[in-house]
Amino acid sequence: MRKKSDINAIKSVAKSFVYIEVTETSLYPMFVMHPIFETGIQAIKVNGEMKMVDIIANEDNLKQVQNQVCETIDSAATVYDVYLVIRKSYRLTFIKYIKEYLSVNDMSELLAHAWVTSENPNGDVNVSLKTIVKWFKSCNKTILMDEQEYKVYKDFPECLTVYRGVAINRNPHGLSWTTDYSKAEWFAHRYDTGSEEGYILKADISRSNILAYFDSRGESEVVVNVFELNKNSIEKI
């Protein structure tokens with residue numbers, strides 16, 4: 001990675017995301033599929049006043065909204081400001097397309113934020129977990145984690161017991177684990193139905209397989225390189 005991010009190249013990628021086709025969903029106009037627009041109803045400024053418009057029903061409305069977003073991107077002072085224009089569920093994908101323009105420190109900051117704010121980063125269809133493992137390995141750990149998280153990370157013992165709550169239809173082989181059994185239990189059963197329920201995995205892992213530690217959401221999350229784990233060390237409990 002670079003010593004300094006190429007913010008102009010990053011802005012160019014972000015603006016290309018603006019012009020991706022907006023796709024209706026069954027909940028349109030409340031929700032649409034798009035890396036920047038979450039809803040089909042957007043605000044535009046007309047004669048100095050804000051007006052709510054439908055960006056799918058009217059192409060001129062869409063163009064005005066796109067122009068406004070591009071102006072926001074152009075005026076962004078930092079890489080992080082550009083990144084925030086992208087919806088949470090598309091931020092890992094955005095990182096994939098701007099990685100070659102990022103410095104190590106900016107990459108570390110963006111990856112940490114995208115990881116902890118995404119609803120299901122372990123299930124991103126555009127970025128494989130093996131790719132994300134490589135990203136974590138390339139980061140500056142002191143930027144990736146805050147001071148307290150980094151201290152916990154540095155103080156982990158050589159062998160650590162972690163848990164993963166696997167909810168219905170979630171990836172059992174994800175990178176997100178926790179040292180807190182009660183949190184794993186919550187994640188395992190939050191989508192239980194009358195006929196289906198999640199479960200908990202337990203693993204004894206080596207410190208060398210820990211990629212990061214995050215606790216900003218109070219989840220005591222240990223990001224684990226599951227591709228290096230001995231399958232015999234993982235048990236369903």
Side-chain angles (χ1 to χ4, degrees), residues 1-25 27-121 123-128 131-132 134-136 138-140 143-146 214 216:
M1 278 182 278
R2 300 164 176 255
K3 290 184 177 180
K4 183 178 180 181
S5 295
D6 184 341
I7 191 169
N8 289 326
I10 292 166
K11 287 180 178 181
S12 179
V13 174
K15 285 190 282 188
S16 73
F17 274 45
V18 175
Y19 293 101
I20 291 174
E21 183 179 0
V22 182
T23 305
E24 294 185 30
T25 70
L27 297 175
Y28 170 80
M30 186 62 69
F31 294 107
V32 295
M33 290 181 62
H34 192 268
I36 293 173
F37 308 125
E38 183 170 0
T39 174
I41 306 301
Q42 297 287 322
I44 59 172
K45 186 175 287 188
V46 179
N47 297 324
E49 296 184 357
M50 299 306 295
K51 177 183 177 183
M52 304 305 292
V53 298
D54 188 324
I55 60 174
I56 288 185
N58 186 301
E59 188 173 346
D60 287 338
N61 290 340
L62 174 60
K63 289 180 179 179
Q64 289 185 68
V65 173
Q66 288 171 330
N67 288 339
Q68 286 185 174
V69 175
C70 286
E71 289 173 3
T72 298
I73 292 169
D74 282 331
S75 65
T78 68
V79 171
Y80 186 72
D81 291 335
V82 178
Y83 157 88
L84 288 178
V85 173
I86 308 298
R87 286 177 61 186
K88 291 179 181 179
S89 55
Y90 290 85
R91 285 174 179 168
L92 286 174
T93 301
F94 183 59
I95 291 172
K96 176 181 177 179
Y97 285 98
I98 64 171
K99 182 179 178 295
E100 64 180 300
Y101 307 119
L102 287 171
S103 68
V104 173
N105 286 356
D106 281 339
M107 175 66 178
S108 304
E109 180 184 21
L110 298 193
L111 178 58
H113 189 273
W115 188 259
V116 301
T117 58
S118 175
E119 168 59 25
N120 184 24
D124 194 301
V125 297
N126 295 311
V127 188
S128 72
T131 294
I132 293 174
K134 291 179 182 178
W135 289 356
F136 271 112
S138 71
C139 285
N140 179 341
I143 301 296
L144 184 67
M145 295 168 271
D146 67 27
F214 298 120
S216 59

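Remember, predicted model here, so these are calculated numbers, not experimental data. Index from 1, following the sequence.
The shortest distance between side-chain heavy atoms of Asp54 and Tyr28 falls below 4.5 Å. When side chains are defined from C-beta on, Val53 does not count as touching Ile41, because their heavy atoms never get closer than 4.5 Å. By the 4.5 Å heavy-atom criterion applied to side chains, Leu92 and Leu111 are counted as neighbours.
Tyr80 and His113 have perpendicular rings, their planes meeting at more than 60° on a 0 to 90° scale where under 30° would count as parallel.
Rounding to the nearest 0.5 Å places CZ of Phe94 at 15.0 Å from CZ of Arg87.
In terms of heavy atoms, Tyr97 sits closest to Tyr101 at O-CE1, 4.1 Å. Between Pro121 and Ile132, the closest heavy-atom pair is O-CD1, 4.1 Å. Here the closest non-hydrogen pair linking Ile7 and Ala76 is CD1-O, 4.2 Å. Across every non-hydrogen atom of Gln66 and Val18, the tightest pair is NE2-O, 3.6 Å. In terms of heavy atoms, Arg91 sits closest to Thr117 at NH1-OG1, 4.2 Å.
By the 4.0 Å N-to-carboxylate-O rule, Asp106 lies too far from Arg2 to be salt-bridged with it.
The only member of Ile56, Ile20, Leu62 that meets side-chain contact (heavy atoms from CB on, under 4.5 Å) when paired with Phe37 is Leu62.
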